[in-house]
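These notes concern the structure reproduced below.
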Amino acid sequence: SFAFISRSATGVFSISQTALDLTEYTKTSDITESGKNKIDTSIFNSTGYLSNANGLLVPSIYYYNTGKQKVTPLKAYTCTNTLGTWYTFMNFYDVNGAFLGNNSTLGGTYLAGVWKFTPPANCYFVGFSWAFTSDFATFKNSVQLELGTNRTIYEAPKKVIKESLLETN
């Protein structure tokens, strides 16, 4: 939702709140992320895990995955799942989404629910898979991907519409 602040002819200010409906927009460059949580939950998958042998989806009723999330090469990231899990792994993909390797071959550490990693120079996407401990909707609202090496308090992902697309009166 968002708020409008208006001023009447007599100088009185008023604030009105309106729900923002993004359903008419498709996921394009018109909508970008904002805030510290860079995860895109719209590409999460509840039908399996991303293989750490070839990066492809392997059907499984026991895993959820994040899909291929955008990252910037050579920048440090932290990825957390606030639910915790007993089994997880991470894969790296190039600019075209082709598999480059996994956390064992290209780096990344996992400890107590926290992944810390720096994507290689040719890596533009990462994918995480977790053995699930909750329903899919709860899982989607528990993952945070952020820049830096410090885990911070969970913040839901935020999206911003380009200002040029908003009507102004």
Side-chain angles (χ1 to χ4, degrees), residues 22-23 25-162:
L22 299 179
T23 56
Y25 295 94
T26 56
K27 185 175 185 311
T28 66
S29 60
D30 293 340
I31 302 174
T32 58
E33 88 257 345
S34 174
K36 69 179 179 182
N37 192 351
K38 307 302 182 193
I39 206 82
D40 180 355
T41 59
S42 72
I43 61 173
F44 277 33
N45 185 299
S46 64
T47 62
Y49 61 92
L50 299 170
S51 167
N52 61 359
N54 60 18
L56 299 176
L57 180 65
V58 176
S60 172
I61 61 171
Y62 302 108
Y63 286 86
Y64 297 146
N65 72 76
T66 63
K68 296 174 185 175
Q69 299 289 324
K70 290 181 185 179
V71 291
T72 302
L74 303 176
K75 291 208 177 220
Y77 286 88
T78 300
C79 186
T80 55
N81 174 349
T82 60
L83 300 174
T85 187
W86 56 273
Y87 193 72
T88 181
F89 44 91
M90 175 180 61
N91 294 326
F92 297 95
Y93 302 88
D94 71 11
V95 69
N96 298 311
F99 180 69
L100 295 170
N102 59 51
N103 52 285
S104 295
T105 60
L106 294 176
T109 60
Y110 182 78
L111 180 62
V114 180
W115 275 108
K116 293 187 179 198
F117 65 98
T118 300
N122 59 341
C123 177
Y124 291 84
F125 298 94
V126 293
F128 300 91
S129 299
W130 277 281
F132 60 83
T133 57
S134 71
D135 63 273
F136 188 58
T138 302
F139 171 76
K140 285 176 73 170
N141 294 312
S142 71
V143 180
Q144 178 161 291
L145 176 63
E146 59 189 309
L147 286 166
T149 58
N150 294 320
R151 177 184 186 172
T152 63
I153 296 172
Y154 177 81
E155 175 185 284
K158 297 176 184 172
K159 301 293 180 188
V160 177
I161 298 175
K162 286 183 180 176

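In this chain, numbering begins with 1 at the start of the sequence shown. Side chains included, hydrogens not; waters and symmetry mates left out as well; all remaining heavy atoms used.
- A search for side-chain contact (heavy atoms from CB on, under 4.5 Å) contacts involving Asn150 returns nothing, not counting sequence neighbours.
- Between Val126 and Trp115 the shortest side-chain heavy-atom distance does not fall below 4.5 Å.
- Every residue two or more places apart in sequence or in another chain that forms a side-chain contact (heavy atoms from CB on, under 4.5 Å) with Asn52 is listed here: Phe89, Asn91, Asn102.
- Judged as a side-chain hydrogen bond (donor to acceptor under 3.5 Å, both in side chains), and not counting sequence neighbours, Asn141 has no contacts.
- Considering only residues two or more places apart in sequence or on other chains, Ser51 meets the side-chain hydrogen bond (donor to acceptor under 3.5 Å, both in side chains) condition with Asn54.
- In this structure, the side-chain contact (heavy atoms from CB on, under 4.5 Å) partners of Ser142, at least two apart in sequence or on a different chain, are Asn81, Thr82, Leu83, Phe139.
- With Ser129 contributing its side chain and Leu50 its backbone, the two residues share a donor-acceptor pair below 3.5 Å.
- Under the 3.5 Å distance criterion, the side-chain polar atoms of Tyr64 are matched with a main-chain donor or acceptor of Ser134.
- Checked against side-chain contact (heavy atoms from CB on, under 4.5 Å), Ala76 has the following partners two or more places apart in sequence or in another chain: Thr118, Thr149.
- Side-chain N or O atoms of Thr78 include one that pairs as donor or acceptor with a backbone N or O of Gly148 at under 3.5 Å.
- In this structure, Leu147 and Thr72 have side chains that are not in contact, with every pair of non-hydrogen atoms separated by 4.5 Å or more.
- Side-chain contact between Val143 and Cys79: present, with at least one pair of heavy atoms (C-beta onward) separated by less than 4.5 Å.
- Checked options Tyr110, Tyr63, Trp130; the residue passing with Thr88 is Trp130 (criterion: side-chain hydrogen bond (donor to acceptor under 3.5 Å, both in side chains)).
- Paired with Phe128 under the rule ring pair (Phe, Tyr, Trp, His ring centres under 6.0 Å), one option of Phe44, Phe117, Tyr93 passes, and it is Phe117.
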